[in-house]
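Owing to the predicted nature of the structure, the values given are computational and were not obtained by experimental measurement. All values below come from the heavy atoms of this structure, side chains included, with hydrogens, waters and symmetry mates left out.
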Amino acid sequence: MTNAAAASAATKSIIHVAGFKSCGFYKRAASVVASLSLLFPNKLQLVEHEFSTRDEYRDWLIHDTNFRNQVANAKQGNLRASSHSSSPFCWTSNGAGESVGGDVDVKEFIGGCDDALDWCRAFAQPSASSATDKEEATMVPDGHAPGHNYDYDLLVIGGGSGGLAASKEAASLGAKVAVLDYVKPSPAGSKWGLGGTCVNVGCIPKKLMHNAALISENRKVDAPHYGIGVTKAQEEEWMGMSQDDTGGEHSWETLKTNVQNHIRGLNFKYRVDLRENEVTYKNNLGTFLDAHTVETTDKKGKKGTVTFSRCLIAVGGRPTPLDCPGGELAISSDDIFSLDRDPGRVLCAGASYISLECAGFLRGIGKDVTVCVRSILLRGFDRECADLIGNYMKSEGVKFREESTIAKLEKSGDRIKATFSNGESDEFDTVLAAIGRSGDTGKLGLDKVNITPKSNNSKIEAKFEQTSTPNIYVVGDVMDGCPELTPVAIHAGKHLARRLFGGSTQPMDYRNVCTTVFTPLEYGTVGYSEDDAIEEMGKDDVVVYHKFFVPLEWSISPTRGVHQGFCKAIVHKHTNKVLGLHYLGPNAGEVMQGFGTAMKIGCTFEDIIETVGIHPTTAEEITTLSITKDSGKDATAGGC
């Protein structure tokens with residue numbers, strides 16, 4: 001039996017499992033193949049042949065139809081099929097026809113239940129050959145040809161992560177490239193430079209302000225217990241029982257100024273990068289006139305035109321505004337990082353990761369913070385982990401108004417009065433709306449190029465980043481269904497440029513992308529959530545390993561010691577393949593990145609637990625998972 005060949009087959013494998021209804025071995029083999037076909041729908045298909053009784057099955061297999069002999073004679077190497085008499089009887093075929101008589105379509109005889117399970121293990125196990133069997137991107141011809149008369153081979157609209165990566169990669173492959181980037185001010189008037197959301201109003205300032213909160217917390221609840229800043233008088237007063245530091249002020253102006261100075265440095269670096277890569281940069285707004293022409297408008301209102309053979313839309317997204325009376329009084333994540341005053345008492349509207357991250361760092365630097373939650377926290381993430389984050393934030397002093405929305409905002413002197421859906425009201429210095437994001441496509445003139453953005457989010461649908469107009473492409477947050485993550489946009493932009501100008505056929509792989517939510521209790525994740533895995537594969541086919549632990553660096557801080565980190569692995573019961581990993585604790589992004597590589601190459605749970613951990617680290621906790629949820633055992637770690 002050529003299991004290795006089966007496992008590395010580039011085309012779809014069609015496996016037939018035949019047996020009688022009451023046979024447990026038949027049911028087991030069929031169940032495992034069915035589960036694998038759910039995991040790999042483009043690689044595997046199950047065709048079941050179920051007989052009502054054992055006698056009917058044996059008549060078909062051995063006597064009347066004598067199917068086993070047909071299989072044995074169909075292809076050299078299948079001779080052992082002629083002596084197979086038990087249930088199930090398994091084989092692979094070229095087609096998915098369900099007939100088990102007449103002309104026999106057989107590629108390979110597999111065998112019985114144990115043989116079928118061995119075949120499945122080989123299929124699911126990554127190998128050197130399977131690693132090279134990549135899906136190819138099939139693109140629609142877009143009319144591009146050398147010697148065209150347009151101004152540019154590629155025009156990129158949008159100077160964010162994806163657009164810049166694609167422009168530089170295309171230029172390195174010999175394309176003549178221009179980038180249009182024009183930041184429309186937020187409703188509150190905030191502006192920024194080249195680099196897109198991540199650099200200016202997203203990942204970079206968010207992580208820096210999150211770090212400010214971590215430093216503030218370290219100073220208060222960790223430093224005194226490590227003897228840092230403790231005077232002799234305090235030692236005598238505490239009598240060996242160290243205490244948290246409740247003093248200290250925070251300067252919003254200093255933090256904001258230093259963050260913005262860092263961002264301006266990055267803006268300049270990106271402009272230099274474009275020049276060094278021979279990419280033309282235009283600080284212009286672009287609007288389509290037709291499928292090869294864009295009208296440009298500079299900040300003074302002067303208009304021009306640019307023509308192109310191909311165009312890439314990489315305009316990203318913008319925060320969705322509050323839809324209530326007085327909604328214009330709220331700011332968004334486009335404004336908070338450059339706010340020219342202390343935020344004071346803050347109301348965060350929404351339970352998205354952006355809302356919780358902002359609430360977390362604002363509370364961490366000492367602000368009074370309330371989060372208004374319509375339904376659940378972190379929709380789309382693992383429910384158990386989201387609830388643990390919420391509980392942690394509550395213990396840190398973040399207040400939550402649950403099952404509540406903002407009905408109205410109005411000025412009340414220097415403050416903003418918020419009236420909630422339950423009729424209650426309160427006053428805040430700042431209201432930050434983080435209820436979602438929409439594609440920034442409103443001024444692109446997409447109707448001129450026969451592209452219709454989705455009505456619910458203003459994003460653009462595409463296949464292999466190619467829109468319904470073949471020479472116009474899209475990457476990043478503005479593409480419908482794309483994870484709103486900077487590295488995803490960068491990778492997609494580079495892959496697209498290589499396909500357009502470098503002869504590549506490799507598509508972007510959007511599966512098993514790691515991400516981290518920088519809430520006060522950081523959350524790193526890759527793959528399926530527990531809820532999604534159970535919904536897709538069934539509870540009986542999923543096993544969850546979990547553990548609570550206290551990070552060593554928290555262990556001598558009394559305030560920290562009441563909290564716990566958490567990790568879990570979502571595993572397919574029959575193949576042992578890891579479907580998802582989740583981690584709550586310090587340095588979540590650093591912990592999860594390496595496991596993301598393991599997930600990418602199809603690791604099993606055995607691969608994880610056979611990995612020798614680095615001691616003592618929190619990442620090590622994932623490699624020592626052993627307790628399943630179903631066992632009901634205490635999942636709290638003990639000792640070292």
Side-chain angles (χ1 to χ4, degrees), residues 39 126 131 134 160-162 165 197-199 202-204 206-207 210-211 352-354 356-357 360 378-386 388-389 437 475-477 479 481-495 506-533 536 544-547 551 565-572 577-605 607-609 611 613-614 617-623 625:
L39 287 172
K134 301 289 187 180
S161 303
T197 297
C198 172
V199 169
C203 319
I204 299 301
K206 177 271 301 290
K207 181 70 180 294
H210 172 68
N211 197 45
S352 66
Y353 72 90
I354 296 173
L356 297 189
E357 286 177 338
L378 296 174
R379 185 178 298 279
F381 289 89
D382 186 85
R383 187 79 347 251
E384 180 179 24
C385 292
L388 289 170
I389 290 169
R437 295 179 67 84
V475 296
D477 292 4
M479 189 177 88
C482 175
E484 295 180 351
L485 300 168
T486 294
V488 169
I490 292 171
H491 274 254
K494 288 181 177 180
H495 279 302
Q506 184 177 350
M508 171 64 189
D509 186 355
Y510 292 96
R511 298 168 297 177
N512 287 334
V513 175
C514 292
T515 189
T516 291
V517 182
F518 290 99
T519 38
L521 180 63
E522 294 180 3
Y523 173 29
T525 175
V526 60
Y528 280 84
S529 69
E530 179 179 348
D531 322 271
D532 288 346
E536 183 166 326
V544 178
Y545 296 87
H546 65 154
K547 178 194 287 189
F566 176 73
C567 59
K568 69 176 174 180
I570 319 300
V571 179
H572 191 269
K577 182 182 176 70
V578 179
L579 305 174
L581 289 172
H582 303 267
Y583 166 91
L584 296 171
N587 308 306
E590 319 302 330
V591 167
M592 194 52 61
Q593 186 66 77
F595 288 106
T597 301
M599 288 285 289
K600 204 71 175 175
I601 61 175
C603 70
T604 65
F605 185 64
D607 294 328
I608 297 291
I609 61 174
T611 300
I614 301 171
T617 64
T618 52
E620 179 188 20
E621 302 292 349
I622 296 176
T623 69
L625 285 165

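- In summary, the side chains of Thr515 and Tyr353 do not present any donor paired with an acceptor at a separation below 3.5 Å, with no hydrogens or angles considered.
- One finds the SG atom of Cys482 at 7.0 Å from the CE atom of Met508 (value rounded to the nearest 0.5 Å).
- Between Glu530 and Arg383 there is no salt bridge, since no side-chain nitrogen of the basic residue lies less than 4.0 Å from a carboxylate oxygen of the acidic one.
- Atoms NZ and NE2, from Lys568 and His582 in turn, are 6.0 Å apart once rounded to the nearest 0.5 Å.
- A donor-acceptor pair under 3.5 Å links the side-chain atoms of Asp382 to the main chain of Cys385, judged by distance alone.
- A side-chain donor-acceptor contact under 3.5 Å links Lys600 to the backbone of Arg511.
- Within 6.0 Å of NZ in Lys547 there are more than 12 heavy atoms belonging to other residues, nucleotides or ligands.
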(message) Pair Ile354, Arg437 - check side chain to side chain contact (heavy atoms under 4.5 Å, CB included), show working.
(response) CA-CA 10 Å; Ile354 296 173; Arg437 295 179 67 84; 3.8 Å; yes

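- For the atom pair CD (Glu621) and OG1 (Thr623), the distance works out to 8.0 Å, reported to the nearest 0.5 Å.
- Heavy atoms only, all atoms of each residue included: Lys577 and Gly602 are closest at NZ-CA, 3.4 Å.
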(request) Output, in order, the C-alpha distance, side-chain angles, deciding distance and verdict of side chain to side chain contact (heavy atoms under 4.5 Å, CB included) for Tyr523 and Thr516. (result) CA-CA 5 Å; Tyr523 173 29; Thr516 291; 5.9 Å; no

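- Between Phe605 and Tyr545, the distance from one ring center to the other falls under 6.0 angstrom.
- With contacts defined as side-chain heavy-atom distances shorter than 4.5 Å, the pair Ile608/Leu625 does not qualify.
- For the pair Cys198 and Ser161, the tightest heavy-atom approach, listed with the atom from each and the gap, is CB-OG, 3.9 Å.
- Met599 approaches Asn512 most closely through the heavy-atom pair O-ND2, 3.6 Å.
- The shortest side-chain heavy-atom distance between Leu579 and Val571 does not fall under the 4.5 Å cut-off.
- When all heavy atoms of Thr525 and Met592 are compared, the closest pair comes out as N-CG, 3.8 Å.
- In this structure, Leu485 CG and Cys203 SG are separated by 8.0 Å, a value rounded to the nearest 0.5 Å.
- Taking CD1 from Ile389 and OG1 from Thr519, the interatomic distance works out to 4.0 Å, rounded to the nearest 0.5 Å.
- Scored by the salt bridge (charged side-chain N to carboxylate O under 4.0 Å, His left out) test, Glu522 finds no partners at all (sequence neighbours excluded).
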(message) The test is side chain to side chain contact (heavy atoms under 4.5 Å, CB included); show your working for Val475 and His495 and say whether it passes.
(response) CA-CA 10 Å; Val475 296; His495 279 302; over 6 Å; no

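- The backbone N or O of Asp607 sits less than 3.5 Å from a side-chain atom of Thr611, completing a donor-acceptor pair.
- For Pro551 against Pro586, the heavy-atom pair with the smallest separation is CG-CD, 3.6 Å.
- You'll find the side chain of Thr604 stays beyond 4.5 Å of the side chain of Val578, heavy atoms only.
- One finds the CZ atom of Phe381 at 9.5 Å from the OG atom of Ser352 (value rounded to the nearest 0.5 Å).
- In this structure, Phe566 and His546 have perpendicular ring planes: the angle between them is above 60°, well past the 30° mark.
- A donor-acceptor contact shorter than 3.5 Å is absent between the side chain of Tyr528 and the backbone of Asp531.
- Side chain of His491 to main chain of Thr486: no donor-acceptor pair is present (N/O by atom type, distance under 3.5 Å, no hydrogens or angles).
- Side-chain atoms of Thr618 and Asn587, non-hydrogen and from C-beta on, never get closer than 4.5 Å to each other.
- Contact check for Val513 versus Val526: no side-chain heavy atoms found under the 4.5 Å cut-off.
- A donor-acceptor contact shorter than 3.5 Å is absent between the side chain of Asp532 and the backbone of Ser529.
- Nearest heavy-atom pair, Ile570 versus Ala533, reported as atom, atom and distance to 0.1 Å: CG2-CB, 3.7 Å.
- Qualifying ring pair (Phe, Tyr, Trp, His ring centres under 6.0 Å) partners for His210, counting only residues two or more places apart in sequence or in other chains: Phe518.
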